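Side-chain atoms are counted along with the backbone in the values below, which use heavy atoms only and exclude waters and symmetry mates. Letters A, B, ... mirror the listed sequences (proteins, then strands); counts begin at 1. Keep in mind that what you see is a predicted model, and the values were worked out from it rather than measured.
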Amino acid sequence: MATNPVPDHVPPEMVGDFSLFTSPGMSPTANGDPHATVACVHAGPPIFYSPWNTRAGQGTWVITRAADQRRVLQETEIFSSHRSIFASALGEDWPMIPLELDPPDHGVFRSLLNPLLSPQRVTEFEPTIRERAITLIDSIASSGTSCDVMKDFAFPFAVNIFLRFLGLPDHRLDTFVGWAKDLLHGDDVRRPAAARTIVAFIDEMAALRRKEPVDDFMSFIVQAQVEGRGLTDQEVRGIGVLIFVAGLDTVATAIAFDLAYLARNLEDQELLRNEPDRIVLAAEELLRAYPSVQMIRVARQNIDFEGAPIRKGDYVSCATMIANRDPAEFESPNTVDLKREGNRHAAFGYGPHRCLGSHLARREIVIGLEQWLARIPPFRIKEETAPITHGGHVFGIENLILDWA
Amino acid sequence: MRIIVHKARCQGHARCSARAPAVFKLDEAGYILPGDIDVANGEQLLAPDGVRSCPELALEIEDPPAARIVPDAILKPRTGVPEHLTTMEFATDPMEQAKITELLDREAIRDCLYRYCRGIDRADEAALRSAYWPDAHDNHGAYCGSAEGFIRFALGVFKTGPRNIHQITNILIEFINPAEAAVESYFTALQRGPDKDGEMRQMLLSGRYCDLFQRREGEWRIAERTVVYDWLEEQIPAAVLESERFGPRQPIGAPHPDDPVYALGKRRIASRGDAFSASERERRISGDDGL
Ligand code: HEM
């Protein structure tokens with residue numbers, strides 16, 4: 001992959017030697033701490049230009065301050081999210097919906113989907129989430145004193161809830177996990193192949209539900225009306241694919257980072273085990289300290305933004321892991337304080353694209369931690385193993401072997 | 001207390017209602033209902049947390065607050081309160097309310113000054129930080145720059161195991177406006193610790209902190225500090241070991257979290273928005289040892 005040359009309008013002194021993809025600690029690293037690594041940007045200027053900061057090697061402006069990210073993400077007339085990332089990997093051009101639409105079109109679809117994942121809906125879904133967590137953890141507890149959290153718990157848990165939410169049968173679980181893994185971590189052959197498979201699957205499901213609707217997510221989408229009309233096949237695909245890619249890895253990753261933290265900080269582990277009421281607040285702090293997503297926008301017009309000469313067409317990166325370590329927004333940002341109040345972190349983004357699944361994700365994380373702590377005795381990282389972490393577009397942890405012998 | 005709702009900014013994070021469901025009501029999709037909110041008396045403790053947790057800054061406490069939480073002790077009519085005023089009228093009379101607000105503000109400023117001393121004397125990073133706004137400036141003798149930089153400097157000094165006693169005496173608070181105050185406070189400092197060459201030095205210092213205090217979201221902290229020095233006396237440290245010199249006078253003061261005061265703190269009911277609670281059970285993230 002070639003690095004784009006730095007555009008002429010970027011002053012050389014604003015070019016920073018930093019990338020979420022290529023900086024040290026961003027490639028898979030044993031016992032890495034990519035979040036602490038990126039937090040170092042706060043020692044430098046609030047905005048700079050990184051010549052290689054997307055998977056495809058494009059340059060982006062990097063917005064480090066939470067307050068500035070809030071502005072970029074709220075001001076959609078200036079900073080657009082219209083990009084077709086997923087489709088362009090397939091040589092196609094259609095938006096993931098609602099993520100790659102700008103207001104006012106965005107609002108049309110967002111209002112349609114909001115009630116499906118509202119706080120109230122998620123509360124109704126809670127017993128299912130809890131039941132899934134208990135089943136998985138009990139089976140882990142009864143089969144030994146060690147496991148790979150990613151493989152044995154976090155991933156199957158997130159995918160399982162997700163299938164329930166979409167109304168798909170559990171027996172497809174392994175298939176989906178395979179697709180999701182290839183899509184997120186596969187090489188240049190497996191990634192597009194997985195993307196194609198997912199698109200074909202969504203298209204097929206949609207056709208099936210159009211013919212014979214049942215009581216599930218896809219049936220709701222194919223029957224839905226926006227502005228007095230039904231959705232086109234492309235719109236249905238855009239929604240289906242986004243929900244698929246947005247809801248799988250993110251939740252599993254969050255749970256794994258949380259358990260990794262607790263495995264290394266036994267006092268906090270004990271605190272949450274003894275006082276489970278604290279988990280709700282603690283989960284927020286862990287979302288602040290270990291978020292996973294980088295958001296990208298494209299400038300729709302020339303703008304001088306906080307001293308940066310941003311020109312139409314420039315990419316602008318708002319990385320949640322950077323905003324969440326901003327000392328102007330969070331007191332002692334590099335300290336994990338499970339009792340932190342007023343924690344308005346950016347893990348789920350800011351502005352109209354605020355994560356649609358945030359309420360579901362939060363319940364999954366809280367219930368996952370609650371049940372894990374209630375059912376697994378004090379645990380640590382298994383000796384002679386090292387969790388492998390990585391940076392990139394979505395930060396992650398590849399393996400997490402815990403031990404409670 | 002009245003909360004201004006900037007409805008257009010709400011993006012449905014629902015953090016406010018997660019904190020105080022009785023105060024912040026959501027629609028079916030999970031977004032806040034339109035219209036400002038008059039907070040009922042029983043909810044005044046949680047509501048500010050809800051406001052502070054909004055990622056979009058869509059909520060705001062009306063400033064100056066129409067009514068703040070008034071401890072019972074202050075509400076009780078005492079000398080000076082006209083007899084015809086009942087407890088409730090006393091609290092809601094705008095003039096009296098303004099006086100109570102000022103008293104609470106003064107107390108909050110005093111508390112902040114003491115937190116700084118706790119931070120320095122107990123090598124307690126969280127307490128020290130909680131005295132300054134993150135963008136504060138400190139002109140502090142040999143050091144002049146961001147408060148953040150001063151804190152880093154202090155953390156370096158803490159590693160040498162010093163013993164410090166900082167006492168604050170005369171405090172003069174002059175309000176510039178409802179959210180800013182010029183504050184002069186006298187300090188006496190006994191400082192003991194190794195110098196660059198490892199030799200033990202002992203000093204008595206006296207002077208004044210000249211501070212610009214600012215109130216943000218209901219909390220008072222230092223925005224700018226200049227330390228003015230009025231007295232300096234180098235003392236001769238005793239040659240014998242400290243433990244010998246103190247004899248039966250134990251325990252000797254210790255840094256955070258080993259000092260007995262912290263054990264006491266654990267029994268205390270942490271008050272909300274309380275800057276100290278952050279200091280308990282803090283965990284450092286690896287890779288940030290320089291802080
Ligand atoms: C801990 C887990 C999760 C994290 C950290 C996360 C993070 C995010 C972030 C940062 C955005 C904003 C993207 C942008 O503005 O460019 C977003 C959007 C979105 N997320 Fe999530 N997410 C999580 C879980 C989920 C789940 C479980 C679902 C689905 C059930 C989901 C569905 C979506 C959708 C549909 C959007 C686009 C919303 C819009 O454009 O209006 N997410 N997510």
Side-chain angles (χ1 to χ4, degrees), chain A residues 25 31-33 35-37 39-40 43 66-67 70 73-74 110-111 113-115 117-122 261 264-265 267-268 271 280 284 289 325-356 358-359 362, chain B residues 8-19 21 26-31 46 48-59 125-126 128-130 132-135 146-148 151 217-219 221 270 272-291:
Chain A
N31 281 326
D33 188 351
H35 297 87
T37 311
C40 296
R70 187 179 285 122
L73 297 168
Q74 285 175 344
R110 182 75 194 216
S111 318
L113 298 173
N114 268 329
L117 284 155
S118 70
Q120 203 187 331
R121 253 311 170 71
V122 169
Y261 172 82
R264 288 177 170 129
N265 294 275
E267 250 179 76
D268 275 349
L271 174 76
V280 171
E284 289 305 307
R325 301 288 182 107
D326 176 2
E329 186 83 7
F330 303 99
E331 204 170 293
S332 307
N334 295 312
T335 300
V336 173
D337 171 9
L338 297 186
K339 297 173 185 166
R340 193 184 288 270
E341 299 262 9
N343 193 347
R344 48 179 183 234
H345 63 77
F348 293 109
Y350 297 123
H353 294 285
R354 184 271 305 166
C355 176
L356 177 67
S358 63
H359 311 307
R362 285 187 155 106
Chain B
R9 283 207 192 159
C10 174
Q11 303 294 358
H13 293 260
R15 304 327 298 145
C16 54
S17 80
R19 213 66 200 101
L26 307 181
D27 65 17
E28 275 211 337
Y31 291 67
L46 277 181
D49 268 352
V51 168
R52 271 200 300 274
S53 59
C54 177
E56 310 287 346
L57 311 183
L59 301 169
E125 178 181 353
L128 181 59
R129 272 183 195 283
S130 75
Y132 294 99
W133 288 116
D135 55 353
S146 67
E148 178 64 33
I151 292 166
E217 293 177 5
E219 193 183 337
R221 294 193 191 191
R272 231 162 283 278
D274 173 312
F276 267 150
S277 51
S279 72
E280 298 166 19
R281 299 217 188 236
E282 69 200 43
R283 289 272 82 70
R284 301 296 304 280
I285 295 177
S286 59
D288 193 24
D289 294 335
L291 229 158

Examine whether an atom of [X] lies under 4.5 Å from a heavy atom of chain B, and if so say whether it belongs to the side chain, the backbone or both; otherwise answer neither.
X       : value
R110(A) : side chain
R121(A) : neither
R340(A) : neither
E284(A) : side chain

Exercise. Under 4.5 Å, counting heavy-atom pairs only, tell me which of A39(A), G25(A), S118(A) racks up the most with chain B.
Key: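 So the answer, after comparing A39(A), G25(A), S118(A), is S118(A).
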
Quiz item: When only pairs under 4.5 Å are counted, which of C355(A), S332(A), G349(A) shares the most heavy-atom pairs with chain B?
Solution: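 Of the options given, most contacts go to S332(A).
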
Quiz prompt | Winner by heavy-atom pair count (cut-off under 4.5 Å) against chain A, out of D27(B), L57(B), D135(B) | solution =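 The option with the most such pairs is L57(B).
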
Quiz item: Is S358(A) reaching over with its side chain to a backbone N or O of R354(A), donor-acceptor style, under 3.5 angstrom?
Solution: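 No, the answer is negative, given that no donor and acceptor are paired below the 3.5 Å cut-off.
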
Quiz item: Do NZ/NE/NH1/NH2 and the carboxylate oxygens of R344(A) and E217(B) come within less than 4.0 Å?
Solution: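 Here R344(A) pairs with E217(B) in a salt bridge, since their nearest N and O are under 4.0 Å apart.
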
Quiz item: salt bridge (Lys or Arg N to Asp or Glu O under 4.0 Å) between E219(B) and R52(B): does it pass, once the steps are laid out?
Solution: CA-CA 12 Å; E219(B) 193 183 337; R52(B) 271 200 300 274; 5.7 Å; no

Exercise. Go through the structure and list residues passing side-chain contact (heavy atoms from CB on, under 4.5 Å) with A347(A), not counting sequence neighbours.
Key: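 For A347(A) the side-chain contact (heavy atoms from CB on, under 4.5 Å) partners, ignoring immediate neighbours, are L287(A), P291(A), N324(A), H345(A).
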
Quiz item: Checking side-chain hydrogen bond (donor to acceptor under 3.5 Å, both in side chains) for the pair E56(B)/Q74(A): CA distance, chi angles, key distance, verdict?
Solution: CA-CA 8 Å; E56(B) 310 287 346; Q74(A) 285 175 344; 2.6 Å; yes

Exercise. Drop me the distance from E341(A)'s CD to D49(B)'s CG, to the nearest 0.5 angstrom.
Key: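 Rounded to the nearest 0.5 Å, the CD-CG separation comes to 4.0 Å.
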
